[in-house]
J.: 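Mind having a look at this structure? Questions to follow.
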There are 2 protein chains.
Amino acid sequence: MFPKKVHYGLRFLLTLSGLAEGTHLGVAEIAEREQLSVKFLEAIAVTLRKEGIVDVRRGAGGGYSLARPLKEITLYQIVLALDEKLDKEISTEGHNTEKAVGRFLVSVRNDYGRLLRRVTLEKLKNYYAEENERIMYYI
Amino acid sequence: MFPKKVHYGLRFLLTLSGLAEGTHLGVAEIAEREQLSVKFLEAIAVTLRKEGIVDVRRGAGGGYSLARPLKEITLYQIVLALDEKLDKEISTEGHNTEKAVGRFLVSVRNDYGRLLRRVTLEKLKNYYAEENERIMYYI
DNA sequence: TTTTATCCTATTTATTTAATAGGATTTAAC
DNA sequence: GTTAAATCCTATTAAATAAATAGGATAAAA
């Protein structure tokens, strides 16, 4: 249901969430850790930066960091940035039934948007912490 | 955000919703009214029938009708039938962050599923009625 | 038995998503 | 300043999915 860009983008952000205040991490390093294509992840990073979700320091020694606290970054912003179909216009013109269907689907999309706005990266971080506890348990 | 199959499928169902009890309407007729590709709509109709959303009478004089009252047909059933990506498996295996992201996205998809289950065709019909009133107003 | 409609399978075309490639730009470090 | 390390930009290719088309098999009413 979610394109790979969203999956990878979330892994990228989750990795950044482990960074100490004021530090940065490069795409090459993250791609290596996460076993993802450097170039593909690079494009994702640029998109997230343009959306104001991450901050960047260009040049040597640079890299990315989260622009805001986890609970202030919503899944809506991320999906909107990385999944073009969320945006794609729904026609509310034309034939009679077409208008009705268009308005109906717009209202559903709005509800979906509200849902996504209520979910923040904090929740993702919790899933991640849970996962690590599970591993700790076996050691 | 929704594939054309869903748009067309809803227009198809909305058209059927105007039918008198016990009557049927053929795909060719509906495609003509709605200005849609007959063959494409045909495939959509078959899918909706397999999902139990519409009933069919084969042979001459046959056609489709709604299988249940409007308020008992949810958008979830329709989208599940016509949009394959809703189903597509989300990997909750592999790398650490991959698991966390997988479980996180599964939970979001579940919330979305609940949202879609709360929306029925009755609501679509209301949008349609509204639309017609708007037109009546100008006459 | 003919006609009308659904149903099935396959193919083609268009669009979108994913991935790759090469180099331009920026800036810290030396 | 020069170099090295990183982001950024543009273009292209490859793969996957969605949309549309085509032809005929099957079913059943007329």
Side-chain angles (χ1 to χ4, degrees), chain A residues 1-12 16 19 22-65 67 79 81-89 91, chain B residues 1-12 16 19 22-65 67 79 81-89 91:
Chain A
M1 152 164 195
F2 298 100
K4 291 199 174 179
K5 278 187 186 174
V6 170
H7 283 258
Y8 297 171
L10 288 171
R11 288 168 69 181
F12 177 77
L16 290 183
L19 247 49
T23 64
H24 305 269
L25 205 51
V27 165
E29 166 72 20
I30 297 175
E32 167 65 25
R33 283 197 206 171
E34 297 288 324
Q35 292 291 291
L36 298 174
S37 150
V38 178
K39 282 298 195 178
F40 195 44
L41 195 56
E42 215 172 67
I44 290 168
V46 169
T47 305
L48 292 172
R49 192 262 303 158
K50 285 179 178 163
E51 205 68 12
I53 294 167
V54 295
D55 283 336
V56 70
R57 277 174 71 120
R58 296 192 65 178
Y64 293 92
S65 60
V79 172
L82 298 176
D83 182 358
E84 11 267 311
K85 55 182 180 304
L86 187 63
D87 252 84
K88 217 181 60 181
E89 179 169 20
S91 160
Chain B
M1 152 161 195
F2 298 100
K4 292 197 175 178
K5 278 186 187 175
V6 170
H7 284 257
Y8 298 170
L10 288 170
R11 288 168 68 182
F12 176 77
L16 290 184
L19 246 48
T23 64
H24 306 268
L25 205 51
V27 165
E29 167 71 21
I30 297 175
E32 167 65 24
R33 282 198 207 170
E34 298 290 324
Q35 291 291 288
L36 299 174
S37 152
V38 179
K39 282 299 194 176
F40 195 44
L41 194 57
E42 214 173 67
I44 290 169
V46 169
T47 305
L48 292 173
R49 192 261 305 158
K50 285 179 179 165
E51 207 66 12
I53 294 166
V54 295
D55 283 335
V56 69
R57 276 175 71 121
R58 295 191 65 178
Y64 294 92
S65 61
V79 173
L82 299 176
D83 181 359
E84 11 266 310
K85 53 180 183 304
L86 187 63
D87 251 84
K88 217 180 63 181
E89 178 169 22
S91 161

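Residue numbers begin at 1 in each chain, while the letters A, B, ... track the order of the sequences.
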J.: With sequence neighbours left out, what residues match A:F2 under ring-ring contact (aromatic ring centres under 6.0 Å, His included)?
T.: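 Scan of A:F2 (ring-ring contact (aromatic ring centres under 6.0 Å, His included), adjacent residues dropped) gives none.
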J.: Looking at A:A28 and A:V38, what are the two nearest heavy atoms and their distance?
T.: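 Shortest heavy-atom separation between A:A28 and A:V38 comes out as CA-CG1, 4.3 Å.
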J.: Looking at every heavy atom in both A:L41 and A:Y8, which two are closest together, and how far apart are they?
T.: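 That closest heavy-atom pairing would be CD1-O, 4.2 Å.
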J.: Can you check the A:I30 CD1 to D:dT7 C1' distance for me, whole Å?
T.: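 Those two atoms, CD1 and C1', are 13 Å apart.
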J.: Tell me, which pairs form a side chain to side chain donor-acceptor pair (under 3.5 Å) where one or both residues lie in residues 24-33 of chain A, sequence neighbours left out?
T.: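 Of all non-adjacent pairs touching residues 24-33 of chain A, those that pass side chain to side chain donor-acceptor pair (under 3.5 Å) are A:E29-A:R33.
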J.: If you compare all heavy atoms of A:V27 against all heavy atoms of A:A45, which two are closest, and at what distance to 0.1 Å?
T.: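 Minimum heavy-atom separation between A:V27 and A:A45: CG2-CB, 3.9 Å.
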J.: Between CD1 of B:I44 and CD1 of B:I30, what distance do you get to the nearest 0.5 Å?
T.: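 If I round to the nearest 0.5 Å, the distance is 11.0 Å.
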J.: Rounding to a whole Å, what distance do you find between A:L41:CG and D:dT7:C1'?
T.: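 For the pair A:L41 CG and D:dT7 C1', the rounded distance is 12 Å.
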J.: Quick check: do A:R11 and A:L36 have side-chain heavy atoms less than 4.5 Å from each other?
T.: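 With C-beta onward as the side chain, the pair touches.
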J.: Find the distance between OH (A:Y64) and CG (A:L25) and round it off to the nearest 0.5 Å.
T.: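 Spacing of OH (A:Y64) from CG (A:L25) equals 11.5 Å.
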J.: Set out, line by line, the N/O atom pairs under 3.5 Å between protein and nucleotides 17-20 of chain D.
T.:
unit_1 : atom_1 : unit_2 : atom_2 : d
D:dA19 : OP1    : B:K4   : N      : 2.9

J.: Using a cutoff of under 3.5 Å, can you pull out all pairs of nitrogen or oxygen atoms linking the protein to nucleotides 26-30 of chain D, with atom names and distances?
T.:
unit_1 : atom_1 : unit_2 : atom_2 : d
D:dT26 : O2     : B:R58  : NH2    : 2.9
D:dA29 : O4'    : B:A60  : O      : 3.3

J.: As a quick check of understanding, evaluate side-chain contact (heavy atoms from CB on, under 4.5 Å) for A:L48 and A:L82, giving each step before the final call.
T.: CA-CA 8 Å; A:L48 292 172; A:L82 298 176; 4.0 Å; yes
J.: For residues A:A67 and A:G52, report the shortest heavy-atom separation together with the two atoms involved.
T.: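 In this case the closest contact between A:A67 and A:G52 is CB-O, 3.4 Å.
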J.: Contact boundaries of DNA chain C with chain A (under 4.0 Å, heavy atoms), 5' to 3'?
T.: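 So the outermost contacting nucleotides come out as C:dT17 to C:dA28.
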J.: What closest approach, in Å, do A:D83 and A:P3 show between heavy atoms, and which atom pair accounts for it?
T.: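 Closest pair (atom of A:D83, atom of A:P3, distance): OD2-CD, 3.5 Å.
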J.: Taking the side chain as every heavy atom from C-beta outward, state whether A:D55 and A:S65 have any atom pair closer than 4.5 Å.
T.: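 They are in contact (side-chain heavy atoms under 4.5 Å apart), so the answer is yes.
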J.: When you compare the side chain of B:E84 with that of A:M1, does any pair of heavy atoms fall below 4.5 Å?
T.: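 The answer is no; the side chains never approach within 4.5 Å.
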J.: Please tabulate, one pair per line, each protein N/O and nucleotide N/O from nucleotides 11-14 of chain D that are separated by under 3.5 Å, including the distance.
T.:
none

